[in-house]
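To start, the structure itself, in structure tokens.
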Amino acid sequence: MNQEEIIRIVSEKLKLIRTEYNLTQEQMSEVVGISKKTLVQIEKQRVQCGWTVAVAMCTLFKSSAILQAAFGGNSLIFIGLSTGEGVLVPEQHLVNDKLWWRTIESEQNWRIQQNLVHTSFRLLNPANEIKLYTLSKEDAEDHLASFTTI
């Protein structure tokens, strides 16, 4: 998933997120830092939001059920993956979003899981802690091999 896809998703879901949080257009535009006119244009799908607004939305509304459903879990993971080398080592290692992931490979109690909504992968250790996220199945397999041959 790249920045353009994230912008598209956030732009398409902005009005639903606003209504989910019971905000007026004035309140939402103030929170996100854009004019009401721009917000209306985004909500009517005439324009897309920019990268900064997409990141702000994902950060400020990270608990949004709309965003979680659209991204298949925590949208900030995809923000991190799209801005780096395609591999993200999480700060929080606990698995708390099993709904969005399925195991596709397992070796010595290490697991590679794939996101059910978007093509991304994560590696879990035998203690069920997330070791990394990646956009590439090959990267996940390489890291799995490096951990299981130790």
Side-chain angles (χ1 to χ4, degrees), residues 1-105 110-125 127-144 147:
M1 175 174 293
N2 60 32
Q3 291 181 1
E4 291 80 24
E5 291 174 287
I6 293 169
I7 289 169
R8 180 187 54 76
I9 290 168
V10 172
S11 295
E12 290 173 358
K13 303 298 182 189
L14 193 137
K15 184 175 183 176
L16 290 172
I17 297 164
R18 179 176 65 77
T19 56
E20 176 185 20
Y21 281 83
N22 224 12
L23 297 172
T24 65
Q25 288 177 329
E26 292 84 9
Q27 290 169 324
M28 179 63 102
S29 62
E30 187 174 314
V31 166
V32 179
I34 57 176
S35 70
K36 180 182 173 189
K37 180 180 176 183
T38 301
L39 180 77
V40 170
Q41 295 296 312
I42 296 168
E43 286 187 354
K44 291 185 175 185
Q45 300 295 302
R46 293 183 181 150
V47 298
Q48 289 188 334
C49 68
W51 177 244
T52 306
V53 171
V55 171
M57 290 291 297
C58 290
T59 304
L60 295 169
F61 301 101
K62 64 184 174 189
S63 298
S64 164
I66 302 294
L67 276 178
Q68 288 182 11
F71 284 97
N74 186 345
S75 58
L76 295 176
I77 294 167
F78 298 99
I79 298 287
L81 286 172
S82 71
T83 58
E85 295 293 317
V87 175
L88 177 68
V89 177
E91 292 179 21
Q92 178 187 357
H93 297 283
L94 300 176
V95 175
N96 61 359
D97 58 352
K98 296 175 188 177
L99 173 70
W100 304 109
W101 300 86
R102 70 177 169 95
T103 299
I104 60 169
E105 195 171 324
W110 285 79
R111 294 179 318 256
I112 296 175
Q113 293 185 328
Q114 182 176 6
N115 187 281
L116 297 173
V117 177
H118 296 285
T119 307
S120 62
F121 304 88
R122 69 182 183 186
L123 181 63
L124 280 71
N125 70 9
N128 209 35
E129 298 171 328
I130 303 165
K131 298 315 275 182
L132 65 89
Y133 293 96
T134 180
L135 296 172
S136 162
K137 183 179 178 184
E138 292 76 23
D139 282 346
E141 290 171 336
D142 289 346
H143 282 87
L144 175 64
F147 284 117

After noting the C-alpha distance and the side-chain angles of E43 and Q25, does the key distance pass the side-chain hydrogen bond (donor to acceptor under 3.5 Å, both in side chains) rule?
CA-CA 10 Å; E43 286 187 354; Q25 288 177 329; 2.9 Å; yes

Can a salt bridge be assigned to the pair K137 and E105 using a cut-off of 4.0 Å between side-chain N and carboxylate O?
no

Nearest heavy-atom neighbours spanning L14 and I42:
CD1-CG2, 4.1 Å

Would you mind telling me which of K37, K36, R18 makes a salt bridge (charged side-chain N to carboxylate O under 4.0 Å, His left out) with E26?
K36

Kindly indicate whether the side chain of I112, heavy atoms from C-beta on, has any atom under 4.5 Å from the side chain of R122.
no

Approximate separation, where rounding is to 0.5 Å, of I66 CD1 and L16 CG:
5.0 Å

Looking at Y21 versus F61, is the centre-to-centre ring distance below 6.0 Å?
yes

dist I79:CD1 -> C58:SG (nearest 0.5 Å) comes out at 4.0 Å

With a cut-off of 6.0 Å (strictly less than), are more than 12 heavy atoms of other residues, nucleotides or ligands near CD of E30?
no

Does R102 reach the side chain of I104, with side-chain heavy atoms less than 4.5 Å apart?
yes

For E12, enumerate each residue passing the salt bridge (charged side-chain N to carboxylate O under 4.0 Å, His left out) test, keeping only those at least two apart in sequence or located in another chain.
R8

Mark yes or no for whether S75, through its side chain, and F71, through its backbone, hold a donor-acceptor pair below 3.5 Å.
no

Closest non-hydrogen atom pair between F78 and I6, with its separation
O-CD1, 3.5 Å

Shortest non-hydrogen contact from V117 to G72?
CG2-CA, 3.4 Å

Side-chain contact test, heavy atoms from C-beta onward, threshold under 4.5 Å: evaluate it for M28 versus T24 and give yes or no.
no

Going by heavy atoms in the side chains, are T38 and S29 under 4.5 Å from each other?
no

Would you call the rings of W110 and F147 parallel, tilted or perpendicular if under 30° counts as parallel and over 60° as perpendicular?
parallel

Given the rule in the side-chain contact (heavy atoms from CB on, under 4.5 Å) test, do L123 and I130 qualify, once you have shown the distances and angles that lead to the verdict?
CA-CA 6 Å; L123 181 63; I130 303 165; over 6 Å; no

Working note: Q113 + T103, criterion side-chain hydrogen bond (donor to acceptor under 3.5 Å, both in side chains); need CA distance, chi angles, decisive distance, verdict.
CA-CA 4 Å; Q113 293 185 328; T103 299; 3.2 Å; yes

Sub-4.5 Å side-chain heavy-atom contact between V32 and L39
no

Distance-only side-chain donor-acceptor flag, R111 / N128, under 3.5 Å:
yes

For a side-chain contact (heavy atoms from CB on, under 4.5 Å) check, start with the C-alpha distance between S120 and I77, then their side-chain angles and the critical distance, and finish with the verdict.
CA-CA 10 Å; S120 62; I77 294 167; 5.9 Å; no

Rounded to the nearest 0.5 Å, what separation is found between the NZ atom of K13 and the SG atom of C49?
13.5 Å

Quick one: closest heavy-atom pair of A54 and V10, and the distance?
CA-CG1, 3.9 Å

Less than 3.5 Å apart, any donor N or O on the side chain of E20 or S64 sitting next to an acceptor on the other?
yes

Looking only at heavy atoms, which two atoms of S136 and F121 are closest? And how far apart?
C-CD1, 3.7 Å

Which atom pair, heavy atoms only, marks the closest approach of I9 to A70?
CG2-CB, 3.7 Å

Checking side-chain contact (heavy atoms from CB on, under 4.5 Å) for the pair L124/E129: CA distance, chi angles, key distance, verdict?
CA-CA 5 Å; L124 280 71; E129 298 171 328; over 6 Å; no

According to salt bridge (charged side-chain N to carboxylate O under 4.0 Å, His left out), who are the partners of K62, at least two apart in sequence or on a separate chain?
none

